[in-house]
Amino acid sequence: MRQHFWVKTVLAGVLVALLLLVSGCSAPPEYLTAADTDLPEIIQDGVAVPRFDSAADQLNYARSGLTDRKRKLAALRAVKTLFPADHMACGQAALGLAYLNLEPQYRFASNLDIRRAVTDFEQVLKVYADQPDIVAKALWYLGWIHTELEHDHRTGMPYYWQVANSFSQVPLMLSHTAPWVNLVYGLEPVHKKPETHTKNWGQVALLEILRHSPQKDEAVKAFDLIWDRYPSSQAAGLALKHMLSNPVLASHALAPAAVYLASKPLNPYLAKDIRTLAEAAAL
């Protein structure tokens, strides 16, 4: 039973992974900086850490796959030590430090580890309140911890709603939200500013509400907001697929599904799934 539960949990995360997918499984992104033996070093918490010229490179090093926990902690803390004026980079380092409470296996994190992570993410909200990207991700993590790790939907859902309502147009540009997602795409550069944004935190949060909420009215409300705000997005397609897969929710999605399919969505596989599910639900 326990093995089945965890398999179900990981597979459920694919909903969000598909939304955020931007590059397939490939070589590590070019901007991840490898340590150069000729670089100067800083001693952080008793650990020698390469010292880079910019906060972006320093953070990319800290996120470049370091497996030793002590070294990872030191590398992330070094970002804050060396570049305290770069609030964006320091905020991302703080997010990484908060998440380290749940490693190496978040599925088996102890109650104490979870409490420490929650405390650290709540502190991020206070210290980096001037950084919408940082706040949105910290709120998302708090929602994820409560709903998926603690199975406490009453506590977790308000965090997702805060993201959906207050950060609906904040582009999703930071390193990605959930551990399983890292299997299918790489990290974003620290200060990358794409010319156009097709994904944002509002989409992710509303999809999580739709996926997790045990209440029909709340799930329908989340779907309606996705459909109203992002009708031609992949988020809308994923929301339709989820709704049509649920006998309790399917009838509410039939009319929007017809509109979505008529718009000739870019993802033919998702469109095929929606068409098949809509035909079955209409019977």
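The chain is numbered in sequence order, starting from 1.
Within the 3.5 Å criterion, the main-chain N or O of Ser54 finds no donor-acceptor partner in the side chain of Asp57. Although no hydrogens or angles enter the test, the distance criterion places no donor-acceptor pair under 3.5 Å between the side chain of Glu279 and the main chain of Ile274. In terms of modelled atom types and a separation under 3.5 Å, the side chain of Asp113 and the main chain of Arg116 share no donor-acceptor contact. Side chain of Ser233 to main chain of Tyr230: a donor-acceptor pair is present (N/O by atom type, distance under 3.5 Å, no hydrogens or angles). Checking side-chain atoms of Lys80 against main-chain N and O of Ala94 turns up no donor-acceptor pair under 3.5 Å. Remark: side-chain polar atoms of Asp228 are not paired, donor with acceptor, to backbone N or O of Asp224 under 3.5 angstrom. At least one donor-acceptor pair under 3.5 Å links the side chain of Asn60 to the backbone N or O of Ala56. Between the side chain of Arg77 and the backbone N or O of Leu97 there is no donor-acceptor pair closer than 3.5 Å.
Applying the 6.0 Å contact sphere to CG of Leu266 captures no more than 12 heavy atoms from other residues, nucleotides or ligands. Heavy-atom neighbours of Asp53 CG from other residues, nucleotides or ligands within 6.0 Å: at or below the threshold of 12. Atom CG of Asn111 sits in a sparse spot, with 12 or fewer heavy atoms from other residues, nucleotides or ligands closer than 6.0 Å.
No side-chain donor from either of Arg229 and Gln203 sits under 3.5 Å from a side-chain acceptor of the other. Using a 3.5 Å distance cut-off with no hydrogens or angles, the side chains of Thr276 and Asp273 do not pair a donor with an acceptor. A donor-acceptor contact closer than 3.5 angstrom is absent between the side chains of Thr147 and Glu208.
For Pro132, the side-chain contact (heavy atoms from CB on, under 4.5 Å) partners at least two apart in sequence or on another chain are Phe167, Val170. Taking Tyr128 as the reference, His87 meet the ring-ring contact (aromatic ring centres under 6.0 Å, His included) condition, with sequence neighbours excluded. In this view, Tyr260 satisfies the ring-ring contact (aromatic ring centres under 6.0 Å, His included) rule with no residue, not counting sequence neighbours.
Rounded to the nearest 0.5 angstrom, Ile226 CD1 and Leu210 CG are separated by 5.5 Å. From Leu76, atom CG reaches atom OG1 of Thr81 across 11.0 Å, with rounding to the nearest 0.5 Å. Residue Lys137 holds its NZ atom at 8.0 Å from CZ of Phe121, rounded to the nearest 0.5 Å. Annotation: the span from Met243 atom CE to Leu254 atom CG amounts to 9.5 Å, rounded to 0.5 Å. Note that CE of Met88 and CG of Asp133 are 4.0 Å apart. Values are rounded to the nearest 0.5 Å. Rounding to the nearest 0.5 Å gives a distance of 15.0 Å between NZ of Lys264 and OG of Ser232.
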For side chain to side chain contact (heavy atoms under 4.5 Å, CB included), just list the numbers for Thr119 and Gln123, CA-CA rounded to whole Å, side-chain angles, deciding distance to a tenth of an Å, and then say yes or no.
-> CA-CA 6 Å; Thr119 298; Gln123 185 65 16; 5.7 Å; no
Worked verdict on Arg51 versus Gln58 for side chain to side chain donor-acceptor pair (under 3.5 Å) | CA-CA 7 Å; Arg51 180 170 186 163; Gln58 198 73 45; over 6 Å; no
Evaluate side chain to side chain contact (heavy atoms under 4.5 Å, CB included) for Leu206 paired with Val163, printing each intermediate quantity in order.
-> CA-CA 8 Å; Leu206 288 168; Val163 175; over 6 Å; no
After noting the C-alpha distance and the side-chain angles of Val49 and Glu41, does the key distance pass the side chain to side chain contact (heavy atoms under 4.5 Å, CB included) rule?
-> CA-CA 5 Å; Val49 177; Glu41 293 181 332; over 6 Å; no
Please lay out, stage by stage, how Trp144 and Tyr106 fare under the test ring-ring contact (aromatic ring centres under 6.0 Å, His included).
-> CA-CA 11 Å; Trp144 174 71; Tyr106 70 92; 5.3 Å; yes
For the pair Glu148 and Arg107, evaluate salt bridge (Lys or Arg N to Asp or Glu O under 4.0 Å) and give the outcome as yes or no after the intermediate values.
-> CA-CA 9 Å; Glu148 296 210 30; Arg107 299 180 185 88; over 6 Å; no
Where do Ser168 and Asn200 land on the side chain to side chain contact (heavy atoms under 4.5 Å, CB included) test, with the steps shown first?
-> CA-CA 7 Å; Ser168 62; Asn200 58 56; 5.5 Å; no
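Residues Asn101 and Val118 are not in side-chain contact: their nearest non-hydrogen atoms beyond the backbone lie 4.5 Å or more apart. Contact check for Arg115 versus Glu150: side-chain heavy atoms found under the 4.5 Å cut-off. At least one side-chain heavy atom of Leu238 sits under 4.5 Å from a side-chain heavy atom of Gln234. Proximity of Val124 to Ile134: side-chain heavy atoms (C-beta onward) are separated by under 4.5 Å at one or more points.
Between Phe52 and Tyr61, the ring planes are tilted. Angles from 30° to 60° get that label. Between Trp140 and Trp201, the two ring planes are tilted [angle within 30° to 60°].
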